[in-house]
J.: 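Have a look at the structure that comes next, please.
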Protein chains: 2
Amino acid sequence: MATYRKAPTRKDVAQLAGVSETIVSYVLNNNRYVAKDKRERVLEAVRQLQYRPNNIARALKGKRTNHILFICDNISNEYFGRLVEEMDRISYEKGFLISLLRGRNDDQFVSQVISRVFDGIVISSTSFEERHVVEIINSGVPVVLLMNREYDSVGDRASKIYTGLQNGVRDCVTLLAGQGRKHIVYIDRVSQNHRYSTLDDWRYNGFITQMQECGFKVTKDNVVVGYESEEQLYEGFRLRLQNGLKVDGIVGRNDSLACTAMTAAMSVGLRVPEDVAVIGFDNSRLCSYISPRLSSVELNKPAIAAEILNAFEHMLAGQGPVEKRLQAQLIEREST
Amino acid sequence: MATYRKAPTRKDVAQLAGVSETIVSYVLNNNRYVAKDKRERVLEAVRQLQYRPNNIARALKGKRTNHILFICDNISNEYFGRLVEEMDRISYEKGFLISLLRGRNDDQFVSQVISRVFDGIVISSTSFEERHVVEIINSGVPVVLLMNREYDSVGDRASKIYTGLQNGVRDCVTLLAGQGRKHIVYIDRVSQNHRYSTLDDWRYNGFITQMQECGFKVTKDNVVVGYESEEQLYEGFRLRLQNGLKVDGIVGRNDSLACTAMTAAMSVGLRVPEDVAVIGFDNSRLCSYISPRLSSVELNKPAIAAEILNAFEHMLAGQGPVEKRLQAQLIEREST
DNA sequence: GTGAAAGCGCTAACAA
DNA sequence: TTGTTAGCGCTTTCAC
């Protein structure tokens, strides 16, 4: 518990109110009729002692914790914050707390998360290993997966929400191709431990697929990958452009990467959107601040949030996991 | 508990290993000598069942939860994400989980947070009411306050960390004044429920104080306040500029607000930094993306993170709260 | 070396 | 209407 001083318990309340502990429970949970005077004495004692029922003890008895955990790769990414905000907006009145946690790729992390006991866990991660996801599911906690990528062995043991990444990235390629762009590149994520996208990643996969459908041959030159940081990406991409890499369209895995690539392109004299068009993902505040303002794929955060919570409701009611497919929307601004 | 399926308990492990439950505890906590063969059988059973001790039950017995909660106003703010990342980096190996939660200004929120039982709670909020802070402290959980503002009634019952806001904002004013700027404005926060800064807010306070020290008379015109959203701020500030408000220096409460104000200023033909210089707070990624690149006050996130964790260590060891004052650093870029 | 048993704060079935 | 009691999963004392 690690409380620093002793918190009052139900016993203290019962004593002060001169009733049995059960009565206190009944009053607080409001699930039994209790004589009016006793009820009032209990409530008064609660007030006086500033008593709050210990959620952890209730959870031990099989009740809800009212706490949902959102695990992501990058907690300082605006997108996750906004999504959690949406979830919070919807579920707060129902009494839920939703907290955001950065995922770690090891067993200690998994153990900690499982053993802390949440009502539900949402996982939106590209780098979190599938075996860890499975371990969490196996622990019995309801899991909602944001399908940034495909999983082999999860099956229908978790809810799955497709956020629209796939149609989003396809729309990007289609738009650029429709403008007659011939040298479209995809900016993959930066990663300090060299975990780059594979074909089970929906953005990457969608890009490759749609490029081919639009009649392009996809080569190494169409995927900008391998950098450890955005600074490295900036320098590296810049160098490649200077060395003659032809690019007239850029699709960034997120807005930040798109911006970095755009900045690099402009720094070697390319005009946006005349020489090169740029599109990001997430439609973050950044898009409107920079110049030229960035076109971006907007994932429908309110819908995603609602579907996540809906999935948990289903699962907590014992109705099993759900699967849902949402659409993303390309928002055009000055960069295309 | 709301587990969706039944998680294995210590009892299951004991049965499978053919030992008593106590032995399982001894092995897992590593606090008693256990015969080698039994120890091995236990570990094997743990592996087989994928058993994870229930942290919540341990917490009930007075042990740590290994979970620290960070409460902020705005979870999609890059600053908090980065700060929590820093904390995570330092404390992860010690076994701590740090999750980020948006604060709500009501009693239900306070109750939820208290009753969920954390080892420590960090509060960095400008709008979270002091009485709620006090309630949390009263519950007995160790609290670390990031002193964005002053509190009247907390005293030394919580650790306090001054992040450098005050010297930061003073440095801004000094710099602008030193450039001969005469019409410096402070961009206060936007708020949907009209909770704007008062003099107990260190940024606001520091601005007013330093303006006066620099010999300026501070009027309504020096504080841009009262907007509900950044869009409103943009339109409102723009209008005021068009209507003749004189501004040659802008200090934004954070980078985002500074950017919005800067964009508004540029949209009415003001040149940055020639006609108007702009400084933000937080030194976020945004600063380097926009043009002109934004000068900003960098709070020393690694130091803040370290001090927060250090404070918890103190408090958890029963050594009482600590107080620490850190310095912020003004980073100059193209906007000044 | 090991295990029985008490108890953390709470819920709810059961009895009165 | 109320109280007694068992038990959630765990730690730890105490006795063997």
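Chain A is the first sequence line, chain B the second, and so forth, proteins listed ahead of strands; every chain is numbered from 1.
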J.: With a 3.5 Å cut-off and just heavy-atom distances, do the side chain of B/K61 and the base of C/dG7 make a donor-acceptor pair?
T.: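 Indeed there is one.
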
J.: Over how many whole Å does the gap from B/N55 atom CG to D/dG9 atom P extend?
T.: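 Rounded to the whole Å, the gap is 15 Å.
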
J.: Could you tell me the separation between the CG atom of A/L60 and the P atom of D/dG9, rounded to a whole number of Å?
T.: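 Atom CG in A/L60 sits about 7 Å away from atom P in D/dG9.
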
J.: Between C1' on D/dC8 and CD1 on A/I56, what's the gap in Å once rounded to a whole number?
T.: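 It is 13 Å, rounded to the nearest whole Å.
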
J.: Dump the intermediate steps for side-chain contact (heavy atoms from CB on, under 4.5 Å) on B/L28 and B/V42, then the final yes or no.
T.: CA-CA 9 Å; B/L28 264 48; B/V42 168; 4.2 Å; yes

J.: Quick one: list whatever passes ring-ring contact (aromatic ring centres under 6.0 Å, His included) with A/F128, sequence neighbours left out.
T.: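 With sequence neighbours excluded, A/F128 shows a ring-ring contact (aromatic ring centres under 6.0 Å, His included) to A/F109, A/H132, given in chain and number order.
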
J.: What is the separation between atom CG on B/N54 and atom P on C/dC8, rounded to the nearest whole Å?
T.: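 In whole Å, C/dC8 P and B/N54 CG are 18 Å from each other.
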
J.: Return whichever of B/T9 or A/I23 has its heavy-atom-nearest nucleotide of DNA chain D closer to the 5' end.
T.: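 Per heavy-atom nearest nucleotide, the more 5' residue is A/I23.
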
J.: Just the rounded figure in Å: distance from P of C/dC10 to CZ of B/R116.
T.: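 Answer to the nearest Å: 15 Å.
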
J.: Within residues 38-51 of chain B, find the residues that approach DNA chain D with a heavy atom at under 4.0 Å, and present them sorted by residue number.
T.: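 Under 4.0 Å from DNA chain D: B/Y51.
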
J.: Taking only residues two or more places apart in sequence, or in another chain, which ones meet A/K160 in a salt bridge (charged side-chain N to carboxylate O under 4.0 Å, His left out)?
T.: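 In terms of salt bridge (charged side-chain N to carboxylate O under 4.0 Å, His left out), with neighbours along the sequence ignored, A/K160 is linked to no residue.
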
J.: Quick check: on DNA chain C, is the nucleotide nearest A/Y26 upstream (toward 5') of the one nearest A/K11, or the reverse? Name the residue that is more 5'.
T.: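 Counting from the 5' end, the first nearest nucleotide belongs to A/K11.
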
J.: Any base atoms under 4.0 Å from B/V34, or only sugar-phosphate, or nothing? Heavy atoms, all strands.
T.: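 B/V34: backbone/sugar contact only, no base atoms under 4.0 Å.
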
J.: Nearest heavy atom decides the nucleotide; on that basis, is A/R32 or B/R52 closer to the 5' end of DNA chain D?
T.: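 Upstream on the strand: A/R32.
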
J.: Under the side-chain hydrogen bond (donor to acceptor under 3.5 Å, both in side chains) criterion, do A/Q50 and B/S139 qualify, and how do the steps go?
T.: CA-CA 8 Å; A/Q50 293 214 51; B/S139 82; over 6 Å; no

J.: Round to a whole Å and report the spacing from OH of A/Y33 to C1' of D/dG3.
T.: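 After rounding, the gap between these two atoms is 18 Å.
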
J.: Write down the distance between CG (A/N29) and P (C/dA12), rounded to a whole number of angstrom.
T.: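 From A/N29 CG to C/dA12 P: 7 Å.
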
J.: Grab the CD-P distance between A/E21 and C/dG9 for me, whole Å please.
T.: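 About 10 Å, once rounded to whole Å.
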
J.: Using a cut-off of less than 4.0 Å, is there contact between a side-chain N or O of A/K63 and OP1 or OP2 of C/dA12?
T.: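 Yes, A/K63 has a side-chain N/O under 4.0 Å of OP1/OP2 on C/dA12.
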
J.: Does B/T22 reach a base, just sugar-phosphate, or nothing at all? Heavy atoms under 4.0 Å.
T.: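 Answer is base: heavy atoms of B/T22 come under 4.0 Å of a base.
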
J.: Between B/Y162 and B/N148, is there a side-chain donor-acceptor contact under 3.5 Å, judged purely by atom types and distance?
T.: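 Their side chains do not contain a donor-acceptor pair, so the 3.5 Å distance test is not met.
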
J.: Going by atom types alone, do B/N54 and A/R116 pair a side-chain donor with an acceptor below 3.5 Å?
T.: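 Side-chain D/A pair, B/N54 to A/R116: absent.
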
J.: By the 4.0 Å heavy-atom rule, please label A/S25 as base, sugar-phosphate, or nothing.
T.: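 Base, at least one base atom sits under 4.0 Å.
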
J.: Using side-chain heavy atoms (C-beta onward) and a distance below 4.5 Å, is B/I75 in contact with A/R82?
T.: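 The answer is no; the side chains never approach within 4.5 Å.
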
